[in-house]
Amino acid sequence: MIKNSLGRELPEQIGDYVVRPYQTAQGVPPSKGSVVTRRTAEHRQRGEEKLQPTLADAIRAAGLADGMTISFHHSFREGDLAVGQVLAAIRSLGIKNLRFAPSAVVNLKNFSLAEYVQDGTIIGVEASGIRGELGDGIINGTITMEKPAILRPHGARPRAIEAGELQIDVAFIAASAADSYGNCTGQIGANPCGSLGYSFVDAHNAGRVIVLTDTLVPYPCCPVSISQQYVDYVVKVDEIGDPQKIGAGAARLTKNPRDLMIAEQVADVIAASRRFEEGFSFQTGAGAISIACTKFLADRMKTRGVTASFALGGITAAIIEMYDAGQIRAVECSQSFDAVAANAIVSRSGVVEIDNADYSNAYSKGGFLNHLDFGVLGALEVDTDFNVNILTGSSGQMMGGLGGGPDVAAGAAISIVALPIVRGRTPSIVRRVFTCCTPGETVACVVTQAGIALNPRHLRYEELKQDLQNAGLPLVSIKELQQLAQSITGVPQPIATTEKVVAIVEYRDGTVVDVIRQIKNNAE
């Protein structure tokens, strides 16, 4: 066993996976040289068709075989219908032992992903998180895979692809509109999802790219998100997704007084900072507290008379309202969280669809996070070292995904984690998080209804402390919050686990911040 710099105990090797322990948020410098890709050069003759009659035909034409790696994007979130259709077609062809590498595994309710693991169609998963039946089954031991799942934050996925650590053989891209030659988008059609930003790296690097659409448009498709030059085959299906369920996994505007209090405190922290000035930038996200924070932030911007240069990341209707009011100059959208945000890319010139790698990959020649002033993040729990858990609940269930949280925390000048000190009878501020996802050194402050805790180890601690004290905001220590939480709930019982590693949690540089072990109570 070895320990990383966060004090998490890790095996030196897990099967054929060699563990590189996390050391610092600055990351391991990448080796110089060309990126790794499976994209192939090819010459298509005039009149040669890409449109295939069925998914099975497209899969055969792409040469998918046992042991390969397939990928998807999660822009339709819980409304996705493409993954189930593709896996059913793959099963009908008898193809097995696949590595399943979507940008995220959301809680898909229209079919059972777990069944495809249990029958051997899928033997490995690499994603930002594994919600739902499959995630719970993996952690409690009722579902087994040959290899542990590899969980990466959004920015680490394009890095891993370009480093050759995740090589995609066939990428399946669900698009709300496409022409028969592969130009496609998520912005128009019967079921628009908005930005396809999470699929760009797949289109650019996979060995074969198959576009699925339920709206076939005349050539050329316009607007276009992914160009024909990256697409091998196109398939028309009945329905690719339900846009009404895009926001199902993300909370809407809260009416909870506690959450509203926290959201207003977050807006107060931002407004108190010296960085809250003309041309500042921010990311708030799509959680209940985050959306309320966006509303409060808009009020403070109006009062102060400042305009943001850009808003970043997953975009909601609340952000579009600010853009329409002239409070944001540009909206850089890697994902659309609701119908308003999805439609805004077409109708508003300053709302721009961006490549997820441009959003969050630290291992490039520069991205938006290098210019982000404030990042507001949610969490399941935070410990007294400011480490953040956004994956596993108090009883060990897979409750969330890494998302872009670790990337934003490391990239933003001021990263703010907002959460209540308790949820029900469970403390949210704890001595040691069950799973470490975001290293504490990257978190500037934690905001709760009981006060604001600043991180003395953060690079901008002195700056933020001075600004918040000048504004008269209530500062407490993280240990005081933890003790208060514990006084309300009592001392939480530790979760017993076995030594079996079921998931590996990577940082954005590919080092390991933690592993998730199988829960002992339900283990065989």
[X] (side chain) donor-acceptor with [Y] (main chain) under 3.5 angstrom:
X: Thr511; Y: Tyr507; result: no
X: Asn455; Y: Ala444; result: no
X: Glu133; Y: Leu113; result: no
X: Ser75; Y: Ser336; result: no
X: Arg8; Y: Val512; result: no
X: Asp169; Y: Thr69; result: yes
X: His73; Y: Ala174; result: yes
X: Arg425; Y: Ile488; result: yes
X: Ser281; Y: Asp373; result: yes
X: Asn356; Y: His154; result: yes

Open item on the list: Assess the residue pair Val83 and Phe111 against the criterion (side chain to side chain contact (heavy atoms under 4.5 Å, CB included)); give the C-alpha distance rounded to whole Å, side-chain angles, the decisive distance to 0.1 Å, and a yes or no.
Closed with: CA-CA 9 Å; Val83 176; Phe111 82 110; 3.7 Å; yes
Could you tell me whether [X] and [Y] have a side-chain N and a carboxylate O separated by less than 4.0 Å?
X: Lys147; Y: Asp16; value: yes
X: Asp407; Y: Arg508; value: no
X: Lys245; Y: Glu78; value: no
X: Glu165; Y: Arg159; value: yes

What's the shortest heavy-atom distance between [X] and [Y], and which atoms?
X: Gly285; Y: Ile291; result: O-CG1, 4.2 Å
X: Ile390; Y: Gly378; result: CG2-O, 3.5 Å
X: Ile95; Y: Thr121; result: O-CG2, 3.8 Å
X: Pro492; Y: Pro427; result: CG-CG, 3.9 Å
X: Ser334; Y: Tyr359; result: OG-CD2, 3.5 Å
X: Asn361; Y: Ser364; result: O-OG, 3.2 Å

Would you indicate whether the side-chain heavy atoms of [Y] and [X] approach each other to under 4.5 Å?
X: Glu353; Y: Cys333; value: no
X: Arg152; Y: Leu166; value: yes
X: Val170; Y: Ile210; value: yes
X: Asp242; Y: Phe76; value: no
X: Phe434; Y: Leu380; value: no
X: His204; Y: Thr37; value: no
X: Cys436; Y: Asp383; value: no
X: Asn205; Y: Ile168; value: no

TODO: Please step through side chain to side chain contact (heavy atoms under 4.5 Å, CB included) for the pair Ile289 and Gln265, ending with a clear verdict.
DONE: CA-CA 10 Å; Ile289 293 174; Gln265 289 250 60; over 6 Å; no
Spatial distance of atom [atom1] ([X]) from atom [atom2] ([Y]) [nearest 0.5 Å]:
X: Thr24; Y: Asn4; atom1: OG1; atom2: CG; value: 11.5 Å
X: Ser195; Y: Ile315; atom1: OG; atom2: CD1; value: 9.0 Å
X: Ser415; Y: Gln283; atom1: OG; atom2: CD; value: 11.5 Å
X: Gln486; Y: Leu481; atom1: CD; atom2: CG; value: 13.0 Å
X: Ile138; Y: Gln518; atom1: CD1; atom2: CD; value: 10.5 Å
X: Leu151; Y: Met398; atom1: CG; atom2: CE; value: 5.5 Å

Open item on the list: The test is side chain to side chain contact (heavy atoms under 4.5 Å, CB included); show your working for Glu332 and Asp358 and say whether it passes.
Closed with: CA-CA 10 Å; Glu332 307 293 346; Asp358 202 13; over 6 Å; no
Open item on the list: So if I apply the side-chain contact (heavy atoms from CB on, under 4.5 Å) rule between Phe282 and each of Ile414, Ile416, Val376, Leu297, which one comes out positive?
Closed with: Leu297
TODO: Indicate whether any N or O donor in one side chain lies under 3.5 Å from an N or O acceptor in the other, for Arg38 and Gln167.
DONE: yes
- [ ] Tell me yes or no: between the side chains of Asp136 and Gln397, is some donor less than 3.5 Å from an acceptor?
- [x] no
- [ ] Determine whether more than 12 heavy atoms belonging to other residues, nucleotides or ligands lie under 6.0 Å from atom CZ of Arg258.
- [x] yes
Open item on the list: Does Gln26 have more than 12 heavy atoms from other residues, nucleotides or ligands lying within 6.0 Å of its CD?
Closed with: no
- [ ] Go through the steps to decide whether Thr448 and Leu484 satisfy the test side chain to side chain contact (heavy atoms under 4.5 Å, CB included), and finish with yes or no.
- [x] CA-CA 11 Å; Thr448 72; Leu484 176 59; over 6 Å; no
Task: Cation-pi, Tyr116 ring and Arg91 (6.0 angstrom, 45 degrees) - done: yes
